[in-house]
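Have a look at the structure below before the remarks.
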Protein chains: 2
Amino acid sequence: MLTKEELEEYSAEAIEIYLDHISIDCVVFGFHEGQMKVLMLKSKNEDGWQLPGGFVQKREPIDVAANRILATRTGIDEVFLQQFHVFGAPDRNRQHNEMYADMVAKEKNFFAHRFISIGYYALVDFFDAIPTPDEFSEICTWRDLNDLPPFLLDHELIFTTALDTLRLQLSYQPIGYNLMPKEFTMPELQKLYETILGKKLDRRNFQRRMLGFGILNKLPQTRKGGAHKAPYLYSFDLENYQAALKEGLKSGW
Amino acid sequence: MLTKEELEEYSAEAIEIYLDHISIDCVVFGFHEGQMKVLMLKSKNEDGWQLPGGFVQKREPIDVAANRILATRTGIDEVFLQQFHVFGAPDRNRQHNEMYADMVAKEKNFFAHRFISIGYYALVDFFDAIPTPDEFSEICTWRDLNDLPPFLLDHELIFTTALDTLRLQLSYQPIGYNLMPKEFTMPELQKLYETILGKKLDRRNFQRRMLGFGILNKLPQTRKGGAHKAPYLYSFDLENYQAALKEGLKSGW
DNA sequence: AACACTGGGTGTAATTGGTACACAATTGTA
DNA sequence: TACAATTGTGTACCAATTACACCCAGTGTT
């Protein structure tokens, strides 16, 4: 737990720099060894984990703020980052309020104010990110989607909503450019889709469909070294990929 | 334009009641005589129109705030209301700031603060709504989608984003329950879809597809009085409609 | 009363897209 | 060299979407 002095100091600084009542929380997805990962932070003071988050500077656009927060936690800039929902229950940060209620008057404790949080989700290359804790956390690390720790605040809701959004997104937008390495095999890409969706897909139909989108380049090389037939390598056709992002993969009506 | 005293009074009251830095703007869609309508307000002081909006009370959930704002402008409660995007550019309400800059110090003018606005869109029955202006507007009325007035602030962006979202939504969720009267004919419903999408649809395929969703009840009556064959009346099957809202109309993968 | 006109109800063939398979090819290992 | 495992490609089948044709009912005209 923080001391009275520490809390007051952090609080005074935050009040100077940041907009009151608005926060940002990021759900950062990565992909490694066939498993989906989320970036999480273990709180120093509390017994639980939270998502990377932060506040918006007084004259900073919110997208820039989200980018800055992510860059501070991972060292990566310019990632695929998308706002997906606003979480605005009046008591969403009740936990904090109660913990420090006796120590510092609520008005003087920036963090005890009511915060409406803008949820962003990000897709990043696992190896590009260097998880870096903030001043309130002792650990910042990737957690497996199948082995998630207890969440603080409403961060479980934020995470679940992000995952649902990602799954929905998957059906009408291309995903993968930000999660896969430059070159990859079709089975590797399929594994990503299966992990996000949480179910098996047919190998052959996946390949045909994926190629049908026209967002992949087949490279002449194959991935040698495996104990079996060497699969071809692919890369994303960035131009078509961007176009597909804009236009969507399915027309609907 | 407001007087110094009026502005200070409104401002002082707002500071008491509302959360600073957060606003809500609503894009309210209605449907009348085969035309899509949006609810808009003509500003008393400025030469332009805006979307209905407001602020969040200090201990009020944001969805409740959006509902309250809408209810105040239309008299309807419990409408289909959905947040779709957050608009957070630092100078989005620059217009206001400049206009009153000389009159009241910025710190004392609540409305000159930076506001991050949560965009909601609503679908309402045209006849249920009674457009009611707020204290800053002289007119509150439906405007035709094909004949929109000049927007103030970034409200054109908010409107456009809402329309895009609605069109996207249309391809995987049922729409109509909140926009159509209790009983309606298939051609009337089709007109709604065509208006939202901005293109013609095939009469026969539309009917089959719509019925295929299983969210309509065919009523025994027909709509008499037209100059031609009397079309059947339909109503929504609310139970199935709700289910379709949750599950989506298309599976995706 | 017969007729044309218009808009509404229903059916059907052609095309497309998705699903479920089978089989051949390649690689390292036994 | 045979084998196991995995990848590449093809094809038959079913479901959904699209495109189009035909008939029906109500109104106004001759």
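Throughout, a chain's letter reflects where its sequence line sits, starting with A, and its residues are numbered from 1.
Remark: Lys218(B) is not positioned above the aromatic ring of Tyr234(B), lacking an NZ or CZ atom under 6.0 angstrom from the ring centre and at most 45 degrees off the axis.
The only member of Phe126(A), Trp49(A), Phe31(A), Phe29(A) that meets ring pair (Phe, Tyr, Trp, His ring centres under 6.0 Å) when paired with Trp142(A) is Phe126(A).
The CD atom of Gln190(A) sits 12 Å away from the C1' atom of dT6(D) (whole-angstrom rounding). Atoms NZ (Lys191(A)) and C1' (dT7(D)) sit 16 Å apart, rounded to a whole Å. One can place CZ of Arg209(B) at 13 Å from C1' of dG17(C), the figure rounded to the nearest angstrom. Following rounding to the nearest Å, Leu201(B) (CG) and dA19(D) (P) show an atom-to-atom distance of 11 Å. Rounding to whole angstrom units, OH of residue Tyr234(A) and P of dT7(D) are separated by 12 Å. As a whole-Å value, the separation of Tyr232(B) OH from dG8(C) P is 14 Å. For the pair Met210(B) CE and dA16(D) C1', the interatomic distance rounds to 16 Å; values are reported in whole Å. Glu188(A) has its CD atom 13 Å from the C1' atom of dT6(D), to the nearest Å.
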Side chains of residues 61-72 of chain B: which donor-acceptor pairs under 3.5 Å do they make with residues two or more places apart or in other chains?
| from | atom 1 | to | atom 2 | distance (Å) |
| --- | --- | --- | --- | --- |
| Asp63(B) | OD1 | Tyr120(B) | OH | 2.5 |
| Arg68(B) | NE | Glu60(B) | OE2 | 2.7 |
| Arg68(B) | NH2 | Phe55(B) | O | 2.7 |
| Arg68(B) | NH2 | Glu60(B) | OE1 | 2.9 |
| Thr72(B) | OG1 | Arg68(B) | O | 2.5 |

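Contact check, Lys200(A) against dT19(C): no side-chain N or O comes under 4.0 Å of OP1 or OP2. When the side-chain nitrogen and oxygen atoms of Gln207(B) are compared with OP1 and OP2 of dG8(C), none of them lie within a distance under 4.0 Å.
Residues forming a side-chain hydrogen bond (donor to acceptor under 3.5 Å, both in side chains) with Gln35(A) (at least two apart in sequence, or on another chain): Asn146(A). Leu168(B) is linked by a side chain to side chain contact (heavy atoms under 4.5 Å, CB included) to Tyr172(A), Tyr172(B), counting only residues two or more places apart in sequence or in another chain. Judged as a side-chain hydrogen bond (donor to acceptor under 3.5 Å, both in side chains), and not counting sequence neighbours, Thr74(B) has no contacts. With sequence neighbours left out, Leu219(B) forms a side chain to side chain contact (heavy atoms under 4.5 Å, CB included) with Glu183(B), Gln221(B), Leu233(B), Ser235(B). For Asp128(B), the side-chain hydrogen bond (donor to acceptor under 3.5 Å, both in side chains) test picks out no residue, with sequence neighbours left out. The side-chain hydrogen bond (donor to acceptor under 3.5 Å, both in side chains) test applied to Thr165(B) returns no partner, not counting sequence neighbours.
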Once pairs are restricted to Watson-Crick or G-U wobble with both distances under 3.5 Å, how does DNA chain C read as a dot-bracket string, [ ] for crossings and | for other-strand pairs? ||||||||||||||||||||||||||||||
For nucleotides 20-30 of chain D, just jot down a letter per nucleotide in 5' to 3' order: B, S or -, based on protein non-hydrogen atoms under 4.0 Å. BB--BBBS---
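Which of dT10(C), dG8(C), dG8(D) sits closest to the side chain of Lys218(B) comes down to dT10(C).
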